[in-house]
Number of protein chains: 2
Amino acid sequence: MTTAQADLRADTRARLEQVALDLFTAEGFERVTADEIAEAAGISRRTFFRYFPTKADAVWGDFAGHVARLEARLAATSPAQPVLASICAAYLEVNDYPPAQLPLLQQRMRLILGEPALQAHSQLRYADVDRAVAAHVARRTGVAPAALVPRLVATSTRAAATTAFEVWLNGGGPLADGLRRAFDELAAGFPALLAAPGH
Amino acid sequence: MTTAQADLRADTRARLEQVALDLFTAEGFERVTADEIAEAAGISRRTFFRYFPTKADAVWGDFAGHVARLEARLAATSPAQPVLASICAAYLEVNDYPPAQLPLLQQRMRLILGEPALQAHSQLRYADVDRAVAAHVARRTGVAPAALVPRLVATSTRAAATTAFEVWLNGGGPLADGLRRAFDELAAGFPALLAAPGH
DNA sequence: AACGCTAGTGACACCCGGTGCCACAGGCAA
DNA sequence: TTGCCTGTGGCACCGGGTGTCACTAGCGTT
């Protein structure tokens with residue numbers, strides 16, 4: 001009801017997601033065929049593609065909801081708060097997962113950031129995030145969403161978030177810390193670059 | 001000789017590129033089949049895939065050379081220059097095309113930034129750029145290339161460059177100006193965000 | 001001239017992701 | 001019972017990409 005093809009049995013979908021995720025993690029995304037996922041989940045290939053428009057989409061969970069929450073957070077920020085800080089806060093809140101869900105998030109992100117095919121696919125998903133952030137910046141600054149600054153802020157803040165995820169996956173401390181550090185660097189024009197000049 | 005499968009007749013390759021580019025521009029990337037490109041160029045489908053590993057790769061010209069030039073520029077920058085400025089300078093020099101080549105560049109970029117499938121594919125190509133820039137930052141700051149700051153600088157400067165290209169394609173003035181503006185915003189922590197608070 | 005080597009090519013079969021179509025089963029309301 | 005609506009499977013098909021084999025043209029040897 002919510003979107004186009006998203007009203008089939010929700011439990012089937014969840015099971016399908018987990019089966020796919022586990023297979024991808026174990027064998028690698030490209031080496032798992034849609035047939036194998038379907039068979040492992042006890043359904044037909046055709047049905048698999050009714051739940052997910054693409055093999056890659058099985059990795060993303062409810063990403064549309066994620067973007068919607070981000071948009072809501074952005075819309076709810078106080079006009080008194082600096083724009084960049086409001087974006088940082090929204091990213092932090094939206095990515096504040098309960099500890100029990102961290103392993104799943106880690107599994108998803110390891111695939112998305114590690115598998116080339118998914119890395120490519122992610123660009124399509126992230127475009128929605130960028131649109132939301134750019135619209136927020138445009139609203140706050142009174143500039144057109146297609147102008148340089150809104151676009152630039154959207155893509156580079158997303159770059160910050162992605163980088164924080166990568167560092168987190170590589171054992172670089174809590175995700176929230178990474179996000180804050182990345183946004184701080186961004187907001188200050190990369191002060192860390194002045195630390196050790198030359199080599 | 002240079003790379004793996006890149007030693008077939010260079011003129012055939014160039015003709016193939018232009019044929020593919022024109023077809024993609026006219027009909028849209030997804031609506032043009034490899035068969036059609038091959039037929040229009042007077043070769044077989046199989047041969048097309050010997051020149052380009054992927055339909056998408058027909059759009060990129062000599063991107064490996066582009067990355068190599070960027071790397072060389074980065075390596076040649078003075079240690080006295082601020083890191084961000086050195087990256088900006090490298091991007092500017094590498095993208096300083098003679099006016100005669102601008103229409104071709106525009107055609108390529110319009111496809112890469114406009115067609116979803118190519119947008120996704122671009123992520124794989126840009127990964128090389130990011131690696132080069134991150135290595136440069138790591139060299140200059142004495143930090144590991146996989147650390148947060150090098151990664152973040154690499155992805156957000158590339159975001160700046162991409163945004164400048166988008167603005168350029170939409171008629172927002174010369175490419176070099178857009179690049180400089182984008183890097184200036186980045187280096188100063190987005191001062192334009194403070195221009196008009198509230199809405 | 002005949003030989004052999006190599007590079008580029010085409011044809012074919014095949015795999016896989018994705019889609020359109022039809023047929024079927026189950027639940028549920030009239 | 002009849003009808004509808006939802007989820008499902010099967011099948012054929014398209015298109016991107018690959019492995020393999022056979023053919024040709026060029027070229028240097030002898």
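What you see below is based on every heavy atom in this structure, not just the backbone, and it leaves out hydrogens, waters and symmetry mates. Every chain is numbered from 1, with letters handed out A, B, ... down the list of sequences.
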What integer distance in Å separates Ile43(B):CD1 from dG10(C):P? 6 Å

Residues passing the salt bridge (charged side-chain N to carboxylate O under 4.0 Å, His left out) test with Glu93(A), sequence neighbours excluded, are Arg73(A)

What residue pairs, at least two apart or across chains, pass ring-ring contact (aromatic ring centres under 6.0 Å, His included) with a residue in residues 125-171 of chain B? Trp60(B)-Tyr126(B)

Separation of Arg9(B) atom CZ from dG8(C) atom P, in whole Å? 7 Å

Value in whole Å for how far the C1' atom of dG18(C) lies from CZ of Phe48(A): 11 Å

Between atom CD of Glu39(A) and atom CD1 of Ile37(A), what is the distance when rounded to the nearest 0.5 Å? 11.5 Å

Measure across Ala192(B) and Val149(A) and return the closest heavy-atom pair with its distance rounded to 0.1 Å. CB-CG2, 3.8 Å

Where along residues 113-121 of chain B does a heavy atom fall under 4.0 Å from DNA chain D? none

Which of residues 19-40 of chain B sit near DNA chain C, with a heavy atom under 4.0 Å from it? none

Looking at the base of dG20(C), is there any donor atom on it, or on the side chain of Arg46(A), that sits under 3.5 Å from an acceptor on the other one? yes

The bend of the helix from dA1(C)-dT30(D) to dA30(C)-dT1(D), taken between the axes of its five terminal pairs at each end and rounded to 10°, is 20°

Need two values: the first and the last nucleotide of DNA chain D, 5' to 3', having an atom under 4.0 Å from any heavy-atom of chain A. dG7(D) to dC11(D)

Whole Å only: how far is the CZ atom of Arg50(B) from the P atom of dA7(C)? 13 Å

With distance as the sole criterion, do the side chain of Arg45(B) and the base of dG10(C) form a donor-acceptor contact below 3.5 Å? no

Nearest-Å distance for atom pair CG/P, residues Asp57(A) and dT19(C): 10 Å

Please name the pair of heavy atoms, one in Val137(B) and one in Pro150(B), separated by the smallest distance, quoted to 0.1 Å. CG1-CA, 3.7 Å

Return the value, rounded to whole Å, for the distance between atom CZ of Arg13(B) and atom P of dT9(C). 12 Å

Pairing residues for Thr77(B) by the side-chain hydrogen bond (donor to acceptor under 3.5 Å, both in side chains) criterion, not counting sequence neighbours: none

Provide the closest heavy-atom pair for Val67(A) versus Val129(A) in the form atom of the first, atom of the second, distance. CG2-CG2, 3.9 Å

Step by step, would you call Asn170(B) with Glu166(B) a side-chain hydrogen bond (donor to acceptor under 3.5 Å, both in side chains)? CA-CA 6 Å; Asn170(B) 291 347; Glu166(B) 284 175 351; over 6 Å; no

Counterpart residues, salt bridge (charged side-chain N to carboxylate O under 4.0 Å, His left out), relative to Arg108(B) (two or more places apart): Glu17(B)

May I ask you to evaluate whether Tyr51(B) reaches the phosphate of dG8(C), defined as a side-chain N or O under 4.0 Å from OP1 or OP2? no

To the closest 0.5 Å, what do you measure between CG (Leu175(A)) and CG (Leu92(A))? 8.0 Å

Once side-chain hydrogen bond (donor to acceptor under 3.5 Å, both in side chains) is applied, do any residues pair with Ser44(A), and if so which ones, sequence neighbours excluded? Thr47(A)

Pairs touching residues 65-118 of chain A that satisfy ring-ring contact (aromatic ring centres under 6.0 Å, His included), sequence neighbours left out: Phe63(A)-His66(A), Tyr91(A)-Phe183(A)

Sorted by chain and residue number, the salt bridge (charged side-chain N to carboxylate O under 4.0 Å, His left out) partners of Arg181(B) (sequence neighbours excluded) come out as none

Give every residue pair that meets the side-chain hydrogen bond (donor to acceptor under 3.5 Å, both in side chains) criterion with at least one member in residues 112-122 of chain B, sequence neighbours excluded. Asp57(B)-His121(B)

Would you say a side-chain N or O of Thr47(B) is under 4.0 Å from OP1 or OP2 of dG10(C)? yes

